[in-house]
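Written out below as structure tokens is the structure these notes cover.
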Number of protein chains: 4
Amino acid sequence: MSDITAARAALRQQAVELPSWAFGNSGTRFKVFAQPGVPRSPEEKIADAAQVHRFTGIAPKVALHIPWDRVDDYAKLAEYAGELGIEVGTVNANVFQDDDYRLGSVANPDPRVRRKALDHLLECVDVMDATGSRDLKLWFSDGTNYPGQDDIRARQDRLAEALEAVRDRLGDGQRMLLEYKLFEPAFYTTDVPDWGTAYAHCLKLGDKAQVVVDTGHHAPGTNIEFIVAFLLREGRLGGFDFNSRFYADDDLMVGAADPFQLFRIMHEVVCAGAHEPEAGVAFMLDQCHNIEPKIPGQIRSVMNAQEATAKALLVDAEALAAAQAAGDVLGANAVLMDAYDTDVRPLLAELRGEQGLEPDPMAAYAASGYAERIAAERVGGTQAGWGA
Amino acid sequence: MSDITAARAALRQQAVELPSWAFGNSGTRFKVFAQPGVPRSPEEKIADAAQVHRFTGIAPKVALHIPWDRVDDYAKLAEYAGELGIEVGTVNANVFQDDDYRLGSVANPDPRVRRKALDHLLECVDVMDATGSRDLKLWFSDGTNYPGQDDIRARQDRLAEALEAVRDRLGDGQRMLLEYKLFEPAFYTTDVPDWGTAYAHCLKLGDKAQVVVDTGHHAPGTNIEFIVAFLLREGRLGGFDFNSRFYADDDLMVGAADPFQLFRIMHEVVCAGAHEPEAGVAFMLDQCHNIEPKIPGQIRSVMNAQEATAKALLVDAEALAAAQAAGDVLGANAVLMDAYDTDVRPLLAELRGEQGLEPDPMAAYAASGYAERIAAERVGGTQAGWGA
Amino acid sequence: MSDITAARAALRQQAVELPSWAFGNSGTRFKVFAQPGVPRSPEEKIADAAQVHRFTGIAPKVALHIPWDRVDDYAKLAEYAGELGIEVGTVNANVFQDDDYRLGSVANPDPRVRRKALDHLLECVDVMDATGSRDLKLWFSDGTNYPGQDDIRARQDRLAEALEAVRDRLGDGQRMLLEYKLFEPAFYTTDVPDWGTAYAHCLKLGDKAQVVVDTGHHAPGTNIEFIVAFLLREGRLGGFDFNSRFYADDDLMVGAADPFQLFRIMHEVVCAGAHEPEAGVAFMLDQCHNIEPKIPGQIRSVMNAQEATAKALLVDAEALAAAQAAGDVLGANAVLMDAYDTDVRPLLAELRGEQGLEPDPMAAYAASGYAERIAAERVGGTQAGWGA
Amino acid sequence: MSDITAARAALRQQAVELPSWAFGNSGTRFKVFAQPGVPRSPEEKIADAAQVHRFTGIAPKVALHIPWDRVDDYAKLAEYAGELGIEVGTVNANVFQDDDYRLGSVANPDPRVRRKALDHLLECVDVMDATGSRDLKLWFSDGTNYPGQDDIRARQDRLAEALEAVRDRLGDGQRMLLEYKLFEPAFYTTDVPDWGTAYAHCLKLGDKAQVVVDTGHHAPGTNIEFIVAFLLREGRLGGFDFNSRFYADDDLMVGAADPFQLFRIMHEVVCAGAHEPEAGVAFMLDQCHNIEPKIPGQIRSVMNAQEATAKALLVDAEALAAAQAAGDVLGANAVLMDAYDTDVRPLLAELRGEQGLEPDPMAAYAASGYAERIAAERVGGTQAGWGA
């Protein structure tokens with residue numbers, strides 16, 4: 001049987017990292033729908049993130065995206081976060097929103113543009129130094145739209161060169177997390193399209209380079225938990241960008257499209273002991289709340305991740321191993337499904353109570369009046385979004 | 001053997017319709033890269049479209065998108081097009097770029113929003129009256145992002161009601177073309193996700209309603225030419241939105257990603273005689289030139305469509321039918337491939353010569369100095385794009 | 001709140017139909033793994049099906065596949081089923097396993113083969129007459145492997161002709177259910193590849209023709225519950241072939257790959273009242289137990305379908321409608337998820353108790369000794385499989 | 001401009017390796033259609049392969065599949081091939097067609113089965129020793145069908161152990177080629193599902209281990225030429241299994257489904273100089289001629305591969321590099337398309353003439369009377385197929 005005491009202990013130390021940009025406006029290429037109360041500054045985003053932690057108790061970090069969260073004094077920003085009870089987490093570099101990056105950033109055929117992109121990456125390490133962040137997350141939109149447009153191999157050479165320069169700049173205790181993505185915004189080739197490419201680069205970069213798995217960045221039919229298990233076996237899984245998708249990189253709330261997949265992913269994480277803080281795996285959200293309110297969208301996402309983790313922790317590992325060893329296909333599957341079919345919401349409500357939190361974070365947030373307050377207060381100025 | 005005289009005749013009367021928005025800026029949700037010389041008004045878009053026709057000789061129409069191409073006097077706009085040697089073609093309705101449309105347009109749960117959307121559709125018929133356009137193209141971004149968000153069936157009822165109102169407003173000789181799309185911008189459900197849904201609505205709407213096939217709007221693995229053949233057999237194919245894609249709705253130049261697929265589609269069109277003008281099938285481009293120059297991008301696309309059509313016209317229909325009837329799998333395939341493997345560029349260059357055009361439209365445009373001229377002249381103002 | 005009394009009542013009258021072929025051997029093109037105790041005759045298959053009903057209480061029918069289940073006296077076979085407490089259900093025609101069908105059955109270019117295929121379909125109606133079956137299920141493997149191999153449109157004409165002949169042969173109270181499938185065994189075109197094609201044919205065939213949805217027969221990313229809702233709105237959903245898949249037509253146990261999808265499908269069914277027997281929707285399994293034991297595989301599948309139905313019945317319809325009408329994206333989603341997250345196993349165990357069944361069908365079957373008995377008794381002879 | 005002299009020289013030394021099993025019967029899980037004249041022995045398969053070389057001049061090797069091609073004396077079999085003018089090439093191990101392999105071969109939870117599978121792999125190296133083959137091709141059908149069925153990570157450990165044992169057994173000049181495949185016959189996990197997994201294992205195995213790319217083994221939307229370019233950059237591409245697919249692993253004739261993709265792959269090969277024999281890349285076919293005649297199916301496939309290679313060799317590398325360096329998206333794409341749009345059939349016919357071959361291999365084979373002869377002679381006995 002599963003060890004409920006161990007499960008409770010593990011859940012008590014679970015931490016999900018929030019993305020600052022989830023609180024700003026986002027949308028599709030067709031339209032960005034504005035919402036009332038959206039932050040106009042990095043500080044307001046951090047304040048909103050703190051609300052998510054306040055009601056869930058397991059979201060103590062917020063990731064930054066540079067230049068969207070550019071401020072004069074990053075140490076002060078980190079201090080501000082601390083005052084609100086959370087920390088600044090991962091720093092995300094953005095080398096895709098300047099006209100210079102039309103044909104790519106670090107893999108651009110033009111050396112001037114490559115230099116500019118690399119300078120931005122290095123600047124992000126400066127930010128990490130100031131905020132005390134451990135991780136630099138690197139996602140490159142680099143790629144091509146048309147066959148022949150550029151040399152696939154030469155682009156790899158350029159990419160490798162930039163990655164090495166970043167690696168050399170990292171200080172002790174700092175890591176670089178390399179993200180892969182099948183497509184979008186590039187449509188023909190993407191320079192880091194799959195985990196294999198990210199893994200191969202990380203191997204050469206050494207111990208400070210790790211792969212990050214965004215759950216929305218795969219081809220249809222890809223078994224993501226296999227990738228997770230494989231990277232954990234290799235010691236190369238740096239973290240997750242959690243979200244969910246029905247078709248492409250939909251960036252919906254994690255667990256909303258396929259909660260069973262999320263559970264299977266967390267099962268592999270738990271099997272490898274990678275849910276424990278010392279494993280160094282960052283559990284980040286990377287989502288867009290295009291049509292739903294943003295703070296509740298984040299709260300719900302954190303809860304979905306928590307429920308999947310709780311179910312994974314309830315798997316009876318001994319019974320599972322026995323059935324697997326016996327080649328009992330249905331029996332082994334049943335052990336896994338028993339945990340998945342369990343309603344873990346009462347357990348999580350109880351754990352919240354132990355921490356002095358309300359049992360229902362969604363209801364508690366709604367009752368807090370925060371949404372009404374920011375809608376009233378945040379008038380004027382420019383709402384934060386992907387473009388600012 | 002194929003009838004080269006008939007093929008030449010068919011190619012001489014081929015017409016591809018251009019989208020006004022292909023000349024404006026476009027991009028992905030990550031970034032819209034600006035380009036020099038981009039039009040700032042509907043008139044400038046039409047002028048650019050006229051250049052495509054000037055060099056290819058087979059692009060005599062330009063489609064409008066309302067409100068992107070909103071002007072005070074549409075009859076005058078059509079007149080202006082005429083002065084440049086082209087015509088205003090299809091009118092495209094846009095009910096996805098207002099904050100009111102966050103949860104949909106004609107299928108929105110809010111009756112006020114539905115009314116607003118319908119009013120826009122009816123306004124587009126007014127535009128058609130003024131421009132003398134035959135076709136109203138309807139694409140709805142309507143759908144939902146999360147399971148449970150709205151009632152799938154109720155949304156169909158609302159959609160059907162709006163379509164009927166549009167149908168009732170259409171005059172003699174006017175048609176409505178209903179477009180379907182698998183996903184984007186909605187991620188969970190789309191209210192017209194596939195040809196079956198569009199077809200079912202058109203059947204009920206009667207003779208004025210036809211399905212339009214956008215070549216980028218299908219699930220992976222969908223056989224588009226089957227759909228084309230089926231709709232032609234049913235008399236329900238109103239037209240195409242041509243473009244190409246590797247993954248999702250990439251909106252790349254038609255024929256750039258899978259030229260063989262484009263040929264197979266045109267083969268079905270030719271088999272059904274639907275390439276002839278009297279068949280009433282509109283051959284439209286619907287593309288985004290995110291990183292490549294726009295006028296050359298359109299010229300190349302028109303040429304790609306023309307080459308695929310030429311190859312389809314060269315299929316030896318008699319030999320194909322004989323091999324098919326005999327169950328000669330390899331023989332029948334070989335007849336089709338013989339046409340596809342033919343280099344039709346010399347034939348098309350010759351046809352251009354007969355029409356008094358330069359044999360190489362790309363080179364001729366490049367030599368014309370038009371690109372340099374508009375880059376120099378179109379300074380100041382706001383470049384047209386999806387948002388304006 | 002959801003109406004638990006109504007839910008219980010609905011669950012008490014739920015019926016899932018079993019496929020006789022699920023008890024025989026099956027596999028992939030690479031290998032069919034034999035299992036001990038596999039039936040050697042239609043009678044033994046029916047006996048196994050009766051076991052599934054014995055322990056679940058909701059599987060009172062077994063579908064036949066002709067010629068796999070060919071017997072001299074079908075009335076007697078039906079009688080035998082009755083003695084075991086179940087009924088013969090749907091009759092499945094098989095026109096894909098004769099060397100004559102290399103290039104198709106009813107759409108074959110050779111009229112002799114088409115006639116042979118049609119004769120088989122008509123023979124299946126004879127079987128229905130003898131067994132008292134209501135439904136004839138038609139799945140055609142017809143299609144082509146290579147572009148040009150055959151005329152897409154001519155094949156539709158041939159298909160339509162055969163379907164009309166079958167329709168004309170059906171007696172009162174008999175129906176034909178037309179199944180669609182994206183691909184396999186044909187790889188380039190399939191003659192009934194999607195619901196739209198099946199629907200269009202059914203419309204022309206009239207009231208006796210209905211579409212059947214096999215949950216494994218779609219392109220990646222297809223929203224199956226949308227199709228279900230649409231067909232129910234049109235009054236054209238005849239039934240389901242339930243199974244589950246990760247990639248293609250994997251024919252795994254229903255609910256094993258994506259239990260949330262199965263729940264969403266059943267939610268649409270319940271919304272339309274189509275779970276009620278009088279709605280005439282057949283809930284059939286169509287699965288292959290390639291590596292797991294077959295009777296337990298069927299029991300588990302029936303339970304998975306039952307659990308999904310129970311959850312769908314627990315959705316608070318009133319709260320859902322209110323949230324949808326209010327445009328409350330997260331609220332409406334939460335209502336749906338509340339039902340999904342509920343552990344319905346205790347409720348179902350209780351209902352079983354009321355019916356005099358053991359609460360855990362899997363354990364009860366394992367304890368019954370039936371598996372050991374058939375393994376011992378069914379020695380010699382030829383095990384049933386797809387080829388026999 | 002492209003160097004036509006170099007292109008001709010490269011084409012003269014091109015070699016495509018044929019699969020012995022392509023001459024035997026094959027099919028889908030639904031049906032294997034028998035064809036007249038199909039070989040009944042490895043010798044007859046080799047004789048058929050020799051016909052393909054006789055008419056194309058570029059297919060001098062035939063790969064074996066053990067145990068399908070099991071003989072008492074492999075050296076004698078190789079000698080027999082030599083007498084017919086061809087060589088025995090790659091040896092393919094088969095560890096998926098024994099009842100013991102129901103839950104996998106080298107990754108099976110049962111150590112006895114793992115040992116049996118490994119013994120077979122080692123036996124295949126014995127065959128290589130006897131035939132003088134360079135390459136052992138390893139494809140594992142290993143995987144699971146249901147979540148929880150087995151431990152993903154433990155299976156990797158078992159796989160790695162077997163691969164090491166094989167590596168240790170390889171002699172000088174012998175290599176192991178590790179194949180990956182997304183799915184089928186396993187549906188939930190596959191133990192070597194993608195190039196990244198194969199690559200990671202090869203890295204650890206050392207210089208004798210290389211990845212083999214089967215063009216039909218990827219998820220929808222995967223950019224195969226990117227993988228080819230990446231593996232070539234890493235020095236880890238051992239060879240290709242060529243075929244084509246529309247949906248899954250359709251195993252159709254290479255170039256039949258997407259000839260442009262095949263060209264793009266060959267373009268990457270040519271860019272890296274990997275078409276030259278000394279590069280050590282094996283260009284193998286791996287196909288199933290389910291409905292078309294087998295020898296002509298192979299001839300056509302070899303020609304398709306040859307045409308794609310010819311086009312790739314005609315790319316103007318200098319112009320391409322210049323356009324790429326200049327960021328000229330349309331110009332670079334046009335250089336590539338110019339080569340693709342060229343009709344290379346006259347050039348290849350001419351090259352055949354220089355070699356003393358008929359210009360049209362398909363017609364020449366048809367005229368040879370070989371098909372009629374084997375249909376008449378090969379009567380009785382058991383036709384070779386996947387199962388024998």
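Residue numbering restarts at 1 for every chain, and letters A, B, ... go by the order of the sequence lines. All figures in this text were calculated on a predicted structure; none of them were measured in a lab.
When the candidates D:N108, D:D194, D:D328, D:L103 are compared by the number of heavy-atom contacts under 4.5 Å with chain A, D:D194 comes out ahead. Counting heavy-atom pairs closer than 4.5 Å to chain A, the top-ranked of the candidates D:T222, D:V335, D:L232, D:N145 is D:L232. Interface summary for chain A: among D:A154, D:G327, D:G104, D:P193, the most heavy-atom pairs under 4.5 angstrom belong to D:P193. Taking chain D as the reference chain and counting heavy-atom pairs below 4.5 Å, the highest number among A:R102, A:E268, A:R233 is found for A:R233. Your options are D:G221, D:A325, D:P109, D:P220, and the one with the most heavy-atom pairs under 4.5 Å with chain A is D:P220. By number of non-hydrogen pairs under 4.5 angstrom with chain A, the leading residue of D:H267, D:Q156, D:M337 is D:Q156.
For CG of D:D207, the number of neighbouring non-hydrogen atoms (other residues, nucleotides, ligands) closer than 6.0 Å is 12 at most. Around the CD atom of D:E276, the shell of radius 6.0 Å holds more than 12 heavy atoms that belong to other residues, nucleotides or ligands.
Contacts of D:A160 with chain A are made by side-chain atoms alone, with heavy-atom separations under 4.5 Å and no backbone atom involved. Looking at D:T144, there are no atoms closer than 4.5 Å to chain A (heavy atoms on both sides), in backbone or side chain. D:D150 touches chain A through backbone and side chain together, each having a heavy atom under 4.5 Å away. Both the backbone and the side chain of D:Y188 come within contact range of chain A, each with at least one heavy atom under 4.5 Å from a heavy atom of that chain. When heavy atoms are compared at a cutoff of 4.5 Å, D:A334 does not approach chain A at all. At a 4.5 Å heavy-atom cutoff, the contact between D:R264 and chain A is made by side-chain atoms alone. There is no contact between A:A323 and chain D, counting heavy-atom distances below 4.5 Å. Only the side chain of D:L203 has a heavy atom closer than 4.5 Å to any heavy atom of chain A. For chain A, the nearby parts of D:D157 are the backbone and the side chain; heavy atoms of each come within less than 4.5 Å. Contacts between A:F230 and chain D at a heavy-atom distance below 4.5 Å involve the side chain alone, from C-beta outward. When heavy atoms are compared at a cutoff of 4.5 Å, D:Y199 approaches chain A solely by way of its side chain, counted from C-beta outward.
Distance alone, capped at 3.5 Å, is enough to place a donor-acceptor pair between the D:Q324 side chain and the A:G148 backbone. Looking only at distances, a side-chain donor or acceptor of D:N333 sits under 3.5 Å from a matching main-chain atom of A:P147. Of the possible donor and acceptor atoms, none in the side chain of A:D151 sits under 3.5 Å from a partner among the backbone N and O of D:A321.
The two atoms that bring D:V329 and A:Y146 nearest to each other are CG1-CD1, 3.7 Å, heavy atoms only.
A distance of 9.0 Å separates CG of A:N223 from CG of D:L182, quoted to the nearest 0.5 Å. The distance from the OG1 atom of D:T197 to the CD1 atom of A:I227 is 7.5 Å, given to the nearest 0.5 Å. Put simply, CD1 on D:I152 and CD on A:E225 are 5.5 Å apart, with the number rounded to the nearest 0.5 Å.
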Exercise. D:E234 and A:K204: side-chain contact (heavy atoms from CB on, under 4.5 Å), yes or no, with the steps?
Worked result: CA-CA 11 Å; D:E234 300 289 318; A:K204 288 176 187 164; 2.7 Å; yes
